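All values derive from a computational prediction rather than experimental measurement. Positions are given from 1 along the sequence.
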Amino acid sequence: MPEAAPEIPTRLLVHAMVREDGTVDAGELYTIAGTLGMSDQQVRLCIKRLVAEGRFTHEGRGRKALLRATADVTGSLAPNVEYVRYAYQQDHGHAPWGGIWHLFAFAIPESARAARDTLRDSLLRLGAAAVQGGLYVSANPIEKHVEAQARQLGILDAVTFLTSSDLRIGEHRAPTDLASELWPLAEIAERYDRLAVLAQARLDQLDDTASPTDTEQLTIAIELAAEFSRAMEPDPFLPPELLPQPWTGTHARHLAARCWTQLLEYQEVAAADNRPRPRLFSLYADVIHLAAHQAR
């Protein structure tokens, strides 16, 4: 697969540029935006919308301006740490599958439609798949999360929890067949293929550059963060026993971890010089720490 520049929304770029002290240097923002193919007008309009929404305050004009985040807007730039930890556990064989399917059934009336839709969205976000109307299945033990959501919504009494080691859907009984029938594995693999291609290209770029500039480092970090999140967010984190082998997700996460490791080594120099750096690097330092820990 040839390398393709990741799609990076302007809003995500601004969030990624927030430094540890909560500020964004407009000059640096416009420089990185230009490197990513964004126009100054595109950036100006985005800043105007973010300020109008109350997410940032704005001091100064043009490239000399300073933005201040009014709240933490960087959390969406890194996937949930719990999910990342579990993914790397699977990659290193620390989370074997016990052959148990986890099922959730509910029949919630139309009068509670909003709660029903929220529960359904939560199940999908947790990696469950719809078997049929009101019946969802997961290969992972997500009961505590589903129960917490149902309890918060006030519909716990309408939800049935059960497990099975003998799931069959039509003619599909083998776990690998069920997984390929229930989850869009080809689409998920394609997202990881894009991440792998990007991460390998940026590793090569870093290896070929004796001392990448701050702009180069930050551009690579933003591209990686965007593609990593795009691949991880829809991943149901199926056990390796249910996936085609070798699984491209494992390879892509390994390459991404290597790339982040190099970037973070450069950032240690910046930190030693007391230069402000985007919080993005701190977020992914946690991710890479998890990857290294699970590799032991």
Side-chain angles (χ1 to χ4, degrees), residues 2-79 191 194-195 197-199 201-203 205-206 209 211-234 256 259-260 262-264 266-267 269-271 273-287:
E3 178 195 350
E7 297 180 8
I8 300 175
T10 314
R11 178 179 293 251
L12 183 146
L13 171 62
V14 178
H15 290 179
M17 297 293 295
V18 175
R19 299 182 295 197
E20 298 283 6
D21 63 359
T23 65
V24 177
D25 180 274
E28 189 175 36
L29 171 61
Y30 281 107
T31 297
I32 298 296
T35 303
L36 294 169
M38 300 178 188
S39 68
D40 285 4
Q41 178 67 4
Q42 187 177 345
V43 176
R44 278 194 293 271
L45 289 174
C46 183
I47 291 173
K48 186 176 180 179
R49 286 194 295 270
L50 290 170
V51 171
E53 292 171 10
R55 298 179 186 274
F56 288 87
T57 59
H58 187 270
E59 303 170 12
R61 297 174 58 84
R63 291 175 177 264
K64 294 183 179 180
L66 186 72
L67 306 179
R68 293 187 184 277
T70 58
D72 179 15
V73 295
T74 59
S76 62
L77 295 171
R191 289 172 178 263
R194 288 199 297 269
L195 172 60
V197 169
L198 175 71
R202 296 303 175 258
L203 274 172
Q205 180 182 341
L206 290 170
T209 306
S211 181
T213 65
D214 289 347
T215 296
E216 289 171 330
Q217 293 176 45
L218 187 50
T219 301
I220 292 172
I222 293 169
E223 290 177 327
L224 269 179
E227 208 64 81
F228 192 84
S229 293
R230 191 172 288 120
M232 290 282 283
E233 285 175 0
C259 201
W260 274 109
Q262 287 202 33
L263 288 171
L264 292 168
Y266 289 122
Q267 286 300 305
V269 176
D273 293 340
N274 292 319
R275 287 181 293 175
R277 67 174 187 171
R279 184 168 178 264
L280 177 65
F281 289 104
S282 297
L283 291 173
Y284 274 88
D286 294 338
V287 170

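- Under the salt bridge (charged side-chain N to carboxylate O under 4.0 Å, His left out) criterion, the residue pairs touching residues 50-61 are Arg11-Glu53, Glu53-Arg55, Glu59-Arg68, with sequence neighbours excluded.
- Here the closest non-hydrogen pair linking Ala26 and Gly62 is CB-O, 3.4 Å.
- The distance from atom OG1 of Thr31 to atom CZ of Arg63, rounded to the nearest 0.5 Å, is 5.0 Å.
- Residue Val43 comes nearest to Thr10 through the heavy atom pair CA-CG2, 4.1 Å, listed as atom of the first residue, atom of the second, then distance.
- Heavy atoms only, all atoms of each residue included: Ala199 and Ala256 are closest at CB-N, 3.9 Å.
- With a 4.5 Å cut-off on side-chain heavy atoms, Leu218 and Glu28 count as touching.
- A side-chain contact (heavy atoms from CB on, under 4.5 Å) with Glu227 is found for one member of Arg191, Arg194, Met232 and no other, namely Arg194.
- Note: Thr23 OG1 to Leu66 CG = 5.0 Å, rounded to the nearest 0.5 Å.
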task: Could you give me the CA-CA distance, side-chain angles and deciding distance for Val14 and Phe56, then say whether side chain to side chain contact (heavy atoms under 4.5 Å, CB included) is met?
output: CA-CA 10 Å; Val14 178; Phe56 288 87; 3.9 Å; yes
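- No donor-acceptor pair under 3.5 Å is formed between the side chain of Arg279 and the backbone N or O of Gly22.
- Taking every heavy atom of both residues into account, Phe281 and Gln217 meet most closely at CZ-O, 4.3 Å.
- Closest non-hydrogen pair, His58 versus Ala65, comes out as NE2-CB, 3.6 Å.
- At least one side-chain heavy atom of Leu206 sits under 4.5 Å from a side-chain heavy atom of Tyr266.
- Here Gln267 contributes atom CD and Asp214 contributes atom CG; the two are 7.0 Å apart, rounded to the nearest 0.5 Å.
- In this structure, NE2 on His15 lies 12.5 Å from CG on Leu280, to the nearest 0.5 angstrom.
- If you take CG on Leu29 and CD1 on Ile47, they are separated by 5.0 Å, rounding to the nearest 0.5 Å.
- Using a 4.5 Å heavy-atom threshold, the side chains of Trp260 and Leu224 count as touching.
- Arg202 CZ to Gln205 CD: the interatomic distance, rounded to the nearest 0.5 Å, is 5.5 Å.
- Pairing each heavy atom of Ala16 with each of Pro278, the nearest pair is O-CB, 3.5 Å.
- If you check the side chains of Ser282 and Glu20, you find a donor sitting under 3.5 Å from an acceptor.
- Counting heavy atoms from C-beta outward, Leu195 and Arg230 have side chains that stay 4.5 Å or more apart.
- Side-chain contact between Ile222 and Met17 is present, with at least one heavy-atom pair separated by less than 4.5 Å.
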